[in-house]
Amino acid sequence: MREYVIEVSKIEELQTLNDKNELETIFFRAKSTIVNGEKVLLVRKDKNGKSEKFDELSTEDELEQYRQRVFRYLH
């Protein structure tokens, strides 16, 4: 299995759209990646379109903390 990349701008877009189903799908895939011993990379694209890693998650606890931050303001 490979590292799973989460593009944070996509997460932000899904938050704006209140698309909980797609967010849950992303977090399900991320959890599967971590359970299989790989890391989840959080990336943001710069103004030139290049993806830049700014954080990585390697445990289920780290992923759950990030998930809670993402879902905090969704109703």
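These numbers were taken from a predicted model, which means no experiment stands behind them. Because only heavy atoms are used, hydrogens play no part in the values below, and waters and symmetry mates are left out as well, while side chains stay in.
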Determine, for Lys39 against Glu3, whether the closest basic-nitrogen to carboxylate-oxygen distance falls under 4.0 angstrom.
-> no
Residue pairs involving residues 42-74 (criterion ring pair (Phe, Tyr, Trp, His ring centres under 6.0 Å); sequence neighbours excluded) = Phe27-Tyr66
Say you draw a straight line from CD of Gln68 to CG of Leu63; how long is it, rounded to the nearest 0.5 Å?
-> 10.0 Å
Sequence neighbours excluded, which residues qualify as ring-ring contact (aromatic ring centres under 6.0 Å, His included) partners of Tyr4?
-> none
Quick one: does Asn48's side chain have a donor or acceptor within less than 3.5 Å of a partner on Lys50's backbone?
-> no
Show your reasoning for whether side chain to side chain contact (heavy atoms under 4.5 Å, CB included) applies to Leu23 and Ile11.
-> CA-CA 7 Å; Leu23 287 166; Ile11 296 294; 3.8 Å; yes
What distance do Ile34 atom CD1 and Glu64 atom CD have between them, rounded to the nearest 0.5 Å?
-> 10.5 Å
Locate the shortest heavy-atom distance separating Lys20 from Leu74; write the atom from each residue and the value.
-> CE-CB, 4.0 Å
Residues clustered with Val35, ILVMFWY side-chain links under 4.5 angstrom = none
In this structure, which one of Lys45, Arg69, Arg44 forms a salt bridge (charged side-chain N to carboxylate O under 4.0 Å, His left out) with Glu12?
-> Arg44
Only counting residues at least two apart or in another chain, list the ones meeting salt bridge (charged side-chain N to carboxylate O under 4.0 Å, His left out) with Glu60.
-> Lys31
Criterion side chain to side chain contact (heavy atoms under 4.5 Å, CB included) on Val70 and Gln15, from CA distance to verdict | CA-CA 7 Å; Val70 167; Gln15 284 176 305; 3.8 Å; yes
For Glu38, which residues count as a salt bridge (charged side-chain N to carboxylate O under 4.0 Å, His left out) partner, sequence neighbours excluded?
-> none
Do the non-hydrogen side-chain atoms of Ile6 and Val40 ever get within less than 4.5 Å of each other?
-> yes
Mind checking whether Glu52 and Val43 have side chains closer than 4.5 Å, heavy atoms only?
-> no
Heavy-atom closest pair (Glu22 atom, Leu14 atom, distance to 0.1 Å) is CG-CD1, 3.6 Å
Are Leu41 and Ile26 linked, directly or through other ILVMFWY residues, by side chains that come within less than 4.5 angstrom of each other?
-> no
Contacts of Lys10 meeting salt bridge (charged side-chain N to carboxylate O under 4.0 Å, His left out) (sequence neighbours excluded), chain-then-number -> none
